[in-house]
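No hydrogens, no waters, no symmetry mates; every other heavy atom, side chains included, goes into these values.
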Amino acid sequence: MKANKPKKKQGWLSTVRELAIIIVVALIISALIRSFLMQLYVIPSASMENTLQIGDRGAVIKVADFHRGDVVVFKDPGNWLGNETSGTSNPVRQVAEFLGVAPSSATDHLVKRVVGMPGDHVACCTAQGQITVNGQPLDEASYLYSVNGVSVHPSDLSFDVVVPAGHIFVLGDHRNDSRDSRYHLCDAVESGEVAGSGGFVPISDVTGPMVGIFMPFNRATRFAIPATFASVPDPAPAPDQPTVNRKPC
C-alpha cells in the first residue's frame with residue numbers, strides 16, 4: 001500500500017491558506033478601523049506639554065463629537081506649519097500606517113485644546129491674567145505647562161474674538177511654545193476675508209478628539225474635559241464671520 005503523502009501535503013497547504021486568509025482579513029479590519037474609527041498619532045512637538053510629550057502615541061476617535069475643552073487633532077488649516085515636510089517617505093512605513101499597524105507620522109496635522117466653539121466669545125486677559133470664555137474665567141491650572149509646580153501664564157498675548165460658525169479656537173497647553181490660534185489672528189488674509197480669519201480652525205478640518213495616550217504604556221491615560229469648562233455659559237448664536245475685537249499684532 002502506498003503512503004498517503006499527497007494528503008499530508010494538501011493538509012499543510014490548507015493550513016497555510018487559512019492563516020493567509022486570517023492575516024488578510026485582520027489587515028483589512030485594521031485598515032477600516034484606521035480609516036473610519038480610530039487612528040494613532042505620534043506627538044511631534046512640545047506645544048501640548050505636559051499633557052502630551054514628544055513621542056507619545058495619542059489615540060484619536062474619528063467618529064466622536066468633540067466639545068469645548070477637548071484635545072483634538074486637525075489638518076493644517078492655513079500653512080500654520082510653514083514649509084515642514086509631510087509624513088514618511090519609507091514605503092513600508094506608509095503601508096503600515098495605511099493598514100493601521102503603525103501610528104501616523106504625518107506632519108500636516110496639529111494637536112491643540114479646543115477653547116472656543118462656534119459662537120464663543122474668547123478673550124484674554126482678566127486682571128488676574130485669566131482667559132475668559134463667554135465672560136467666565138478659566139481655571140487652567142490642571143493642564144497648563146508647569147515646571148516645579150509653577151505654571152506658565154495662560155497667555156502673554158492679548159486678544160478678544162467671537163468664533164464664527166463652523167470653526168473653533170484652539171490653544172496649546174504649553175502657551176509659551178505653541179503657535180496656535182492667537183498667533184494666526186495676525187496672518188494675512190485673502191481678499192474678501194475678515195482680518196483675523198486665519199486664527200480659526202474649520203471644523204471640517206478636525207480629524208477627531210484625542211481620547212488619551214496609548215503609548216508608551218507608562219504614560220497611558222484617558223483624557224477628560226477639564227472641570228473648568230463646565231462653568232462656561234452657552235454662547236450667543238455664532239456669526240457667519242469671525243468678530244475680532246482685539247488681536248496681538
Trainee: Fit a plane to each ring of Tyr145 and His174, take the angle between them on a 0 to 90° scale, and name the class: parallel (under 30°), tilted (30 to 60°) or perpendicular (over 60°).
Mentor: parallel
Trainee: Would you check if the side chain of Arg246 reaches a backbone N or O of Phe159 as a donor-acceptor pair within less than 3.5 Å?
Mentor: yes
Trainee: Using a 4.5 Å cut-off on heavy atoms from C-beta on, say whether the side chain of Met210 contacts that of Ile43.
Mentor: yes
Trainee: Contact between Arg222 and Val211 at the side-chain level, heavy atoms closer than 4.5 Å - yes or no?
Mentor: yes
Trainee: Are the side chains of Lys112 and Ser178 in contact, using a 4.5 Å heavy-atom criterion?
Mentor: yes
Trainee: Do the side chains of Phe169 and Met117 get nearer than 4.5 Å, heavy atoms only?
Mentor: no
Trainee: For the backbone of Val161 and the side chain of Thr243, can you confirm whether one donor and one acceptor N or O come within less than 3.5 Å of each other?
Mentor: no
Trainee: Do you see a donor-acceptor pair shorter than 3.5 Å between the side chains of Ser47 and Asp177?
Mentor: no
Trainee: Given Arg175 and Ile131, is the side chain to side chain contact (heavy atoms under 4.5 Å, CB included) satisfied, shown in steps?
Mentor: CA-CA 12 Å; Arg175 300 287 160 80; Ile131 289 174; 3.6 Å; yes
Trainee: So, does Arg179 use its side chain to make a donor-acceptor pair with the main chain of Leu81 at under 3.5 Å?
Mentor: no
Trainee: Salt bridge check, Asp56 against Arg219: does any charged N sit closer than 4.0 Å to a carboxylate O?
Mentor: yes
Trainee: Report the residues that fulfil side-chain hydrogen bond (donor to acceptor under 3.5 Å, both in side chains) with Thr132, sequence neighbours left out, ordered by chain and then residue number.
Mentor: none
Trainee: Does a side-chain N-to-carboxylate-O contact under 4.0 Å join Arg113 and Asp70?
Mentor: no
Trainee: Okay, side chain of Gln130, backbone of Leu138: is any donor-acceptor separation there less than 3.5 Å?
Mentor: yes
Trainee: Taking the side chain as everything from C-beta on, heavy atoms only, tell me whether Pro242 gets closer than 4.5 Å to Val162.
Mentor: no
Trainee: Answer yes or no: is there a donor N or O on one side and an acceptor on the other, between the side chain of Ser197 and the main chain of Val194, under 3.5 Å?
Mentor: yes
Trainee: With a 3.5 Å distance limit and no angle check, can you tell me whether Trp80 reaches the backbone of Ser181 through a side-chain donor-acceptor pair?
Mentor: no
Trainee: Less than 4.5 Å apart, any side-chain heavy atom of Val201 and any of Phe74?
Mentor: yes
Trainee: Could you check whether Tyr41 and Phe214 have their ring centres less than 6.0 Å apart?
Mentor: no
Trainee: Apply the test side chain to side chain contact (heavy atoms under 4.5 Å, CB included) to residues Met48 and Val71: give CA-CA distance (whole Å), side-chain angles for both, the deciding distance (0.1 Å), then the verdict.
Mentor: CA-CA 9 Å; Met48 282 296 292; Val71 175; 3.8 Å; yes
Trainee: Do Thr207 and Lys75 pair up side chain to side chain, a donor and an acceptor below 3.5 Å, judged on atom types alone?
Mentor: no
Trainee: So, Gln136 side chain and Val133 main chain: donor-acceptor pair closer than 3.5 Å or not?
Mentor: no
